[in-house]
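Report on the structure given below.
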Number of protein chains: 2
Amino acid sequence: MAKNKEAKNLDTSTEEKIIQAASKVFTQKGYVATRTRDIAEESGINLALLNYYFRSKEKLFQLIMAEKLQLLFSVILPIVNNDDLTLEEKMETLVENYINLLVDNPDLPLFVLGEIKANPEGFKERLQVRKLLQNSSFIRQLRERRPDVEPLQFITSLLGMTLFPFIAKQILFADEKTFKIQMEKRKALIGRWAKMMLET
Amino acid sequence: MAKNKEAKNLDTSTEEKIIQAASKVFTQKGYVATRTRDIAEESGINLALLNYYFRSKEKLFQLIMAEKLQLLFSVILPIVNNDDLTLEEKMETLVENYINLLVDNPDLPLFVLGEIKANPEGFKERLQVRKLLQNSSFIRQLRERRPDVEPLQFITSLLGMTLFPFIAKQILFADEKTFKIQMEKRKALIGRWAKMMLET
DNA sequence: AAATATTTTAATCAAATGATTAAAACACAT
DNA sequence: ATGTGTTTTAATCATTTGATTAAAATATTT
C-alpha cells in the first residue's frame, strides 16, 4: 500500500491539485456554471479522475463549500465572544480581518451568498449565524451602548460596509489595483464611521 | 393582419406571460441555472413558444436584464443630479426609494451583480455608473462637505448599508415578515447613520 | 363559409455534460 | 526482473437541455 507515502508530495498531489482547481473554478463561476471538465482542465488532469477521487461533482462541491464557510466563520467566531475586547476593538478587528481575508479571496462573498440562495435548504442546518450572534458578548455590548438601536440592524450595516465593495467591485471600481488600495484605506474608514454611528 | 388587435389582451397575452415568467425565474435562479423549460412551465405554455417568440434563451435574457438594469438606474439617475435637493435630501431619498424598490424585488441585487460577475464583458459598455456619478452634483456636494473623504468610499457604504440586507437576507434574518418590518425601520436608520458619518 | 394568416403543439435533433468502464502506465516490495 | 497494487487515461454512455420542424388548432379576412 502507498497510503503513507502520500505525504511526500502533498502540495502537488493529484488530489490536492484537483481541490485547488475546484476551489478556483467553483468560487469564480458558481456550482451550476462550473463544468467538471473545467476543473479537470484547470487541474491538468483527466476528467475521469474527478469521479475517481471525489465520486461526484456534488461531493467535491460540498468539500469546497465547507472550506469556504469555515473561512468566513473563522473570522467572526474568535472575535464576537472575546470578552477581552471592547466594543470598539471588536468592530475594528472584525473589519480589518474581513478585509484582509477578502482581498485575498474576493470571490468569496458573492459565491457563498449565491449558493445559499440557490439552495437554502442545504444550509438551514449549518448556518445559525443568527443564533451564534444572539448570545454573543458583541451583541450584549451593543445593547448596553445603544439600547435604542436594534443590534442586528447595526451589524448588518457593519457587514454591508465591509462586504459590499467586494460584491459590487465590478460596478464601482475602475481596476483591481486602485480597488486594493481603496480597501486598505477602507479599514480605518469603516472603523471611524462605525464609531460615529454609535454616538448619541 | 392582427397587429393592432394585440392590445385587447396585452396583460394576458402569451408574449407578456412569457416575459413575466422569465423575469421571475431568471431573477430567482440566474441565467445558467434557468432552463427554458422552467420558463415555459411557469408561463403555462409550450417550450417551443419561447423560441417562436424570442428566438433564444439568450435574447429573452437580454430583454429581462435590460428591464432590471433600467429599474436599478431609474432610482439613482433622477436623484444624484437633482440640484434642488440638499446632500441630506439626496441620501434620504436614495435610501428610501431603493428600499421601497427592493422590498418588492428582493432578488434584484444578487441577480444583477451575479450576472455581471459571470459575464463582465457583456456589461462593460452599458454600465458606466462610475462615470455617471463622477460629475454628479451628489459627488460635488460630498466633496464640499468632507473634502478629506473619498466620495466613492462614502457612496459604497451608503449602498452597502442599503443593498446588503437584501443580499444576505437568508443568513441574517429569520423570516420574510420580520425582514420587511426591519427594512421599513431601516430607511430612517440609514438616513441618520449616513448623516452622522458626515459629521466632523 | 372558404381562404388565408396566425398561434400553438407534439415530436425530434444535436450538442453539452456528469458519470462509468476497461485497459494501460506506473510505483514499489520481494 | 517479476508480481501486485495503485494511478491515470481514452473511449463511451445516458441524461439534460436549447433549439427546430412540421403539422394541427385557432383566429381573421374576404
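Computed from a predicted model, the values in this text were never measured in an experiment. Residue numbers begin at 1 in each chain, while the letters A, B, ... track the order of the sequences.
One N or O on the side chain of Asn81(B) and one on the backbone of Ser137(B) form a donor-acceptor pair closer than 3.5 Å. One N or O on the side chain of Thr156(A) and one on the backbone of Leu152(A) form a donor-acceptor pair closer than 3.5 Å.
Atom CZ of Arg35(A) and atom P of dT17(C) are 4 Å apart (whole Å). Atom C1' of nucleotide dA19(C) and atom CD1 of Ile45(A) are separated by 14 Å, given to the nearest angstrom. What separates CG of Asp38(B) from C1' of dA19(D) is a distance of 16 Å, to the nearest Å. Rounded to whole angstrom, the span from the CG atom of Asn51(B) across to the C1' atom of dT12(C) amounts to 14 Å. Between Leu50(B) atom CG and dT9(C) atom P there is a gap of 11 Å when expressed in whole angstrom units. In this entry the distance linking CG of Leu49(A) with P of dA19(C) reads 14 Å, nearest Å.
Among residue pairs with one or both ends in residues 47-81 of chain A, those qualifying as ring-ring contact (aromatic ring centres under 6.0 Å, His included) are Phe26(A)-Phe61(A), Tyr31(A)-Phe61(A); sequence neighbours excluded.
Put simply, Thr36(A) has no side-chain N or O that comes within less than 4.0 Å of OP1 or OP2 on dT17(C). Look at Thr14(A) and you'll find a side-chain N or O under 4.0 angstrom from OP1 or OP2 of dT8(D).
Lys68(B) and Asn105(B) form no side-chain donor-acceptor contact under 3.5 Å, judged by distance and modelled atom types alone. For the residue pair Lys185(B) / Gln153(A), no side-chain donor-acceptor distance below 3.5 Å is found, with atom types taken as modelled.
A search for side-chain contact (heavy atoms from CB on, under 4.5 Å) contacts involving Ala194(A) returns Met91(A), Phe154(A), Leu158(A), not counting sequence neighbours. Residues satisfying the salt bridge (Lys or Arg N to Asp or Glu O under 4.0 Å) test with Arg146(B), not counting sequence neighbours, are Asp148(B). With sequence neighbours excluded, the residues that form a salt bridge (Lys or Arg N to Asp or Glu O under 4.0 Å) with Glu88(A) are Arg145(A).
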List every contact pair, protein side and nucleotides 10-14 of chain D side both N or O, where the distance is under 3.5 Å.
unit_1  : atom_1 : unit_2   : atom_2 : d
dA10(D) : OP2    : Asn46(A) : ND2    : 3.2

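Within residues 52-66 of chain A, the residues that have a heavy atom under 4.0 Å from DNA chain D are, in order of number, Tyr52(A), Tyr53(A).
Contact of the Leu102(A) side chain with the Pro109(A) side chain is registered, since non-hydrogen atoms from C-beta on lie closer than 4.5 Å.
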